[in-house]
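Before any comments, here is the structure.
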Amino acid sequence: MAPMSQSRPYHHGDLRAALLAGAERTLREKGSAALSLRELARDTGVSHAAPGRHFKDKQALLDALALSGFERMNQALDSADLPDAALEPRITALARAYVTFTVDNPELLELMYSRKHDPDIDTELAAAAEHSLGCFVQLVADAQRRGEIVQGDPEAVTLAAAAGIHGLAALAANGSLRPEAVLAGLEQHIHLLLHGLKPR
């Protein structure tokens with residue numbers, strides 16, 4: 001019988017990252033129901049017990065996948081943010097980053113939001129989920145201080161704005177609208193969102 005190093009090579013510098021990458025591929029292609037630690041081990045080329053060193057069960061794997069998604073989305077939002085810009089270009093930049101992430105990762109985003117609302121959510125995952133909304137809440141609070149947007153609870157104001165942006169992103173992600181058309185028309189959408197539909 002060949003030793004483990006020959007029959008099941010273990011050449012991953014980071015097995016955890018390799019398993020997460022494989023899990024995300026499965027999620028994109030087949031959905032979360034198809035995820036299996038045993039199948040991931042086989043596809044990654046390690047023993048069926050090896051994933052247990054990083055994920056005690058499938059739920060732990062899903063949580064890690066959701067956390068990875070939030071971290072990547074937060075990085076995209078943080079990189080896109082323009083803290084010193086006026087409200088309209090700043091929210092447009094954040095919206096563009098959010099729409100792009102949603103279009104590129106629809107299955108992952110669905111998993112992320114399903115875990116976000118779980119009452120038993122892990123504290124690290126909860127903090128990462130909170131950060132994504134926090135970018136927009138901070139934008140609203142800054143704009144309120146500068147008199148660029150209505151006063152009121154920043155989270156309530158953010159909800160009104162974010163619902164429109166998320167709806168647009170969801171329509172682009174599910175194919176109801178062409179993603180390139182959504183991104184091309186994003187400035188106009190944000191303008192209407194901020195200024196309303198009444199004639200001026």
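In terms of modelled atom types and a separation under 3.5 Å, the side chain of S36 and the main chain of R38 share a donor-acceptor contact. Under the 3.5 Å distance criterion, the side-chain polar atoms of T100 are left unmatched by any main-chain donor or acceptor of A97. With hydrogens and angles ignored, the 3.5 Å screen pairs a side-chain donor or acceptor of T102 with a backbone N or O of Y98. With hydrogens and angles disregarded, a donor-acceptor distance shorter than 3.5 Å links the side chain of Q144 to the backbone of G152.
Atom NZ in K58 sits 11.0 Å away from atom CG in L65 (nearest 0.5 Å). Once rounded to the nearest 0.5 Å, the distance linking CG of L197 with CG of L192 reads 6.0 Å. Here CE of M112 is found 8.0 Å from CG of N105. Values are rounded to the nearest 0.5 Å. Interatomic distance, NE2 of H191 versus CG of L186, reported as 13.5 Å (0.5 Å rounding). From N74, atom CG reaches atom CD of E130 across 10.5 Å, with rounding to the nearest 0.5 Å. Here L108 contributes atom CG and E110 contributes atom CD; the two are 10.5 Å apart, rounded to the nearest 0.5 Å.
Within 6.0 Å of the CD atom in Q59, the count of heavy atoms belonging to other residues, nucleotides or ligands exceeds 12. Atom CD of Q188 has 12 or fewer heavy atoms from other residues, nucleotides or ligands within 6.0 Å.
Ring planes of H166 and Y113: perpendicular class, angle over 60° (limits at 30 and 60°).
Residues R72 and F101 form a side-chain contact, since some pair of their non-hydrogen atoms from C-beta on lies under 4.5 Å apart. Side-chain contact between E107 and K30 is absent, with no heavy atoms from C-beta onward closer than 4.5 Å. For the pair L194 and E148, the minimum side-chain heavy-atom distance is 4.5 Å or more. Inter-residue side-chain proximity for F55 and L20 is flagged as met; some heavy-atom pair is nearer than 4.5 Å. You'll find the side chain of V103 stays beyond 4.5 Å of the side chain of L183, heavy atoms only. The shortest side-chain heavy-atom distance between C135 and D78 falls under the 4.5 Å cut-off.
A continuous path of ILVMFWY side-chain contacts below 4.5 Å connects V150 to V140, so both sit in one hydrophobic cluster. Tracing side-chain contacts under 4.5 Å through hydrophobic residues (I, L, V, M, F, W, Y), one never reaches L133 starting from I91; they form parts of separate clusters.
Nearest heavy-atom pair across A172 and P179 is O-CG, 3.7 Å. For the pair R16 and A64, the tightest heavy-atom approach, listed with the atom from each and the gap, is NH2-CB, 3.6 Å. Of all heavy-atom pairs spanning S132 and M73, the tightest one is CB-CE, 3.5 Å. Scanning all heavy atoms of the two residues, the minimum distance from A160 to L193 falls at O-CD1, 4.4 Å. The shortest heavy-atom contact between N174 and L171 is OD1-O, 3.0 Å. Closest approach of E88 to E187, counting heavy atoms only: OE2-O, 4.4 Å.
Checked options L168, L87, T92; the residue passing with I190 is T92 (criterion: side chain to side chain contact (heavy atoms under 4.5 Å, CB included)). Just one residue in the list D142, V137, L159 forms a side chain to side chain contact (heavy atoms under 4.5 Å, CB included) with P154, and that residue is V137.
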